[in-house]
Amino acid sequence: MKRSSKVFAVIGDPVSHSLSPIMHEAAFADLGLLHRYVALRVPSQDLESALNGAKALGLTGLNLTVPHKQSALRYMDTIGVDARAIGAANTITFSAGKIHGDNTDGRGFIAALNELEGDVPRRATILGAGGAAAAIVHGLLSEFAELEINWVSRTPDKIPQVSPRVRAQKYDFVQAGQSTTDLGQLLVNCTSVGLQGNTQTFPVKLGLDRLDRAARVIDIVYPRSKGGLLDQAQNQGLSVQDGVTMLLWQGVFALQIWLKKTIEQTTVKTMRNALAVALDRKS
Ligand code: ATR
């Protein structure tokens, strides 16, 4: 039987740094598939024509990255529950002439969190209020029924009222030496602080000592920055993780949607290794 080759892409602007092609092509090779996955730069103003063009060209799926995740929703024929709740899509599927939007970032985050040992969190502190933070807050609220979240932003007025379990906070809330407030069992950096080439810092020095002693600290930025949040947290004995694990799992869940099958651990391992090799080459 002739094996068919499907085409996938990640679209964004910028997008050349994306590790998604390497991760997904490693998965296809592992699964014995002839599919291809490429990165294509699409500026904001061309999103609608790019989506229609991808549909016309017969692509099977797309991943969306900055700046398209939120704006793409208006071009979808149907939207999955997670994408609707988050207000953004990262995984697009073309099928029977229709465009469907999903969001695997929240589930991807939870799968990454579960790789770090720790108790069920009762209180979490989330830094930053962009699209990634919205997906992570949604993932956490869905996964942990009792969890209370302090959602910290430089502009707390813009934090959406997604649940009575979420409280919008300013940065004084997390400032070292300023308060005795318990920051809980989980701290997640969803800001662009620590991104390669970005010299910005948090508006305050973070009071990491107000986290539980067994707390987990996740920075969705990757690669991990020297002397940054994760180094500081690790020095305090906290368990830490950078953004590569979430990148991996959101990709695994996207593949499951596109291929309509469970991605086995051996393939996940291949994808993880491909990411590690690519990051190693970059450093
Ligand atoms: P993404 O889609 O990856 O979440 P984004 O929407 O640009 O990207 O969000 C990045 C977040 O980084 C912004 O929401 C911003 O948060 P707030 O302005 O709400 O605090 C946050 N951010 C960027 N630079 C920051 C800095 N120096 N200190 C604190 N937060 C910062």
Side-chain angles (χ1 to χ4, degrees), residues 3-28 33-108 128-136 138 158 160 190 192 195-198 220 222 243 246-260 271 278:
R3 285 186 297 170
S4 66
S5 168
K6 295 177 177 167
V7 181
F8 302 84
V10 53
I11 63 171
D13 187 17
V15 77
S16 59
H17 64 284
S18 173
L19 298 175
S20 291
I22 286 171
M23 168 172 71
H24 285 290
E25 293 216 324
F28 296 149
L33 299 170
L34 300 175
H35 303 342
R36 299 308 309 268
Y37 187 114
V38 293
L40 301 171
R41 190 176 79 84
V42 174
S44 292
Q45 66 273 19
D46 293 333
L47 176 62
E48 184 177 11
S49 47
L51 289 171
N52 288 324
K55 182 170 81 171
L57 288 166
L59 269 71
T60 300
L62 294 176
N63 280 134
L64 305 179
T65 187
V66 176
H68 302 314
K69 288 186 183 187
Q70 280 103 346
S71 47
L73 281 191
R74 73 178 79 117
Y75 307 119
M76 300 294 114
D77 295 305
T78 52
I79 299 174
V81 281
D82 290 333
R84 183 161 311 275
I86 293 164
N90 76 331
T91 302
I92 303 291
T93 311
F94 300 98
S95 177
K98 297 270 190 263
I99 311 182
H100 177 76
D102 282 302
N103 198 312
T104 66
D105 283 335
R107 279 195 295 149
I136 287 169
H138 170 69
K158 291 195 200 140
C190 305
S192 38
L195 258 183
Q196 240 174 6
N198 179 345
I220 65 161
Y222 63 88
M246 177 179 169
L247 171 72
L248 167 73
W249 283 106
Q250 64 74 36
V252 171
F253 293 131
L255 263 190
Q256 293 194 164
I257 291 170
W258 293 327
L259 303 183
K260 299 191 182 79
M271 295 165 78

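It should be emphasised that the depicted structure is a prediction, and the values quoted were computed from it without experimental measurement.
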Short side-chain to backbone donor-acceptor contact, Q250 and L247, under 3.5 Å: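 The answer is yes, because a donor-acceptor pair under 3.5 Å joins these two groups.
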
Taking only residues at least two apart or on different chains, which pairs with a member in residues 48-76 satisfy salt bridge (charged side-chain N to carboxylate O under 4.0 Å, His left out)?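 Residue pairs with at least one partner in residues 48-76: K69-D105.
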
Side-chain heavy-atom pair [X], [Y] within 4.5 angstrom cut-off:
X    : Y    : result
S18  : T65  : no
I136 : I220 : yes
Y222 : L195 : no
D13  : S44  : no
L51  : L62  : yes
H68  : I11  : yes
S192 : N198 : yes

Aromatic ring pairing Y37/F8, orientation class (parallel under 30°, perpendicular over 60°, tilted between): parallel

Residues T91, W258; criterion side-chain contact (heavy atoms from CB on, under 4.5 Å); working and verdict: CA-CA 9 Å; T91 302; W258 293 327; 3.6 Å; yes

Mind checking side chain to side chain contact (heavy atoms under 4.5 Å, CB included) for A85 and listing every partner two or more places apart, or none if nothing turns up?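 If we apply the side chain to side chain contact (heavy atoms under 4.5 Å, CB included) test to A85, skipping adjacent residues, the hits are H138.
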
Could you list the residues that satisfy side chain to side chain contact (heavy atoms under 4.5 Å, CB included) with S49, not counting sequence neighbours?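 For S49, the residues satisfying side chain to side chain contact (heavy atoms under 4.5 Å, CB included) (neighbours in sequence not counted) are D46.
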
Intermediate values then yes/no, side-chain contact (heavy atoms from CB on, under 4.5 Å), H24 and L255: CA-CA 8 Å; H24 285 290; L255 263 190; 3.5 Å; yes

Can you tell me if T93 and H100 form a side-chain donor-acceptor pair at under 3.5 Å?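 Side-chain D/A pair, T93 to H100: absent.
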
Verify whether one side chain among N52 and Y75 offers a donor that lies under 3.5 Å from an acceptor in the other.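 There is no such pair between these side chains.
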
For T104 and N90, run side-chain hydrogen bond (donor to acceptor under 3.5 Å, both in side chains): C-alpha distance rounded to whole Å, both residues' side-chain angles, the deciding distance at 0.1 Å, then the answer. CA-CA 7 Å; T104 66; N90 76 331; 3.0 Å; yes

Checking M76 against I92 for the side-chain contact (heavy atoms from CB on, under 4.5 Å) test, could you report, in this order, the C-alpha distance in whole Å, the side-chain angles of both residues, the deciding distance, and whether it holds? CA-CA 9 Å; M76 300 294 114; I92 303 291; 3.3 Å; yes

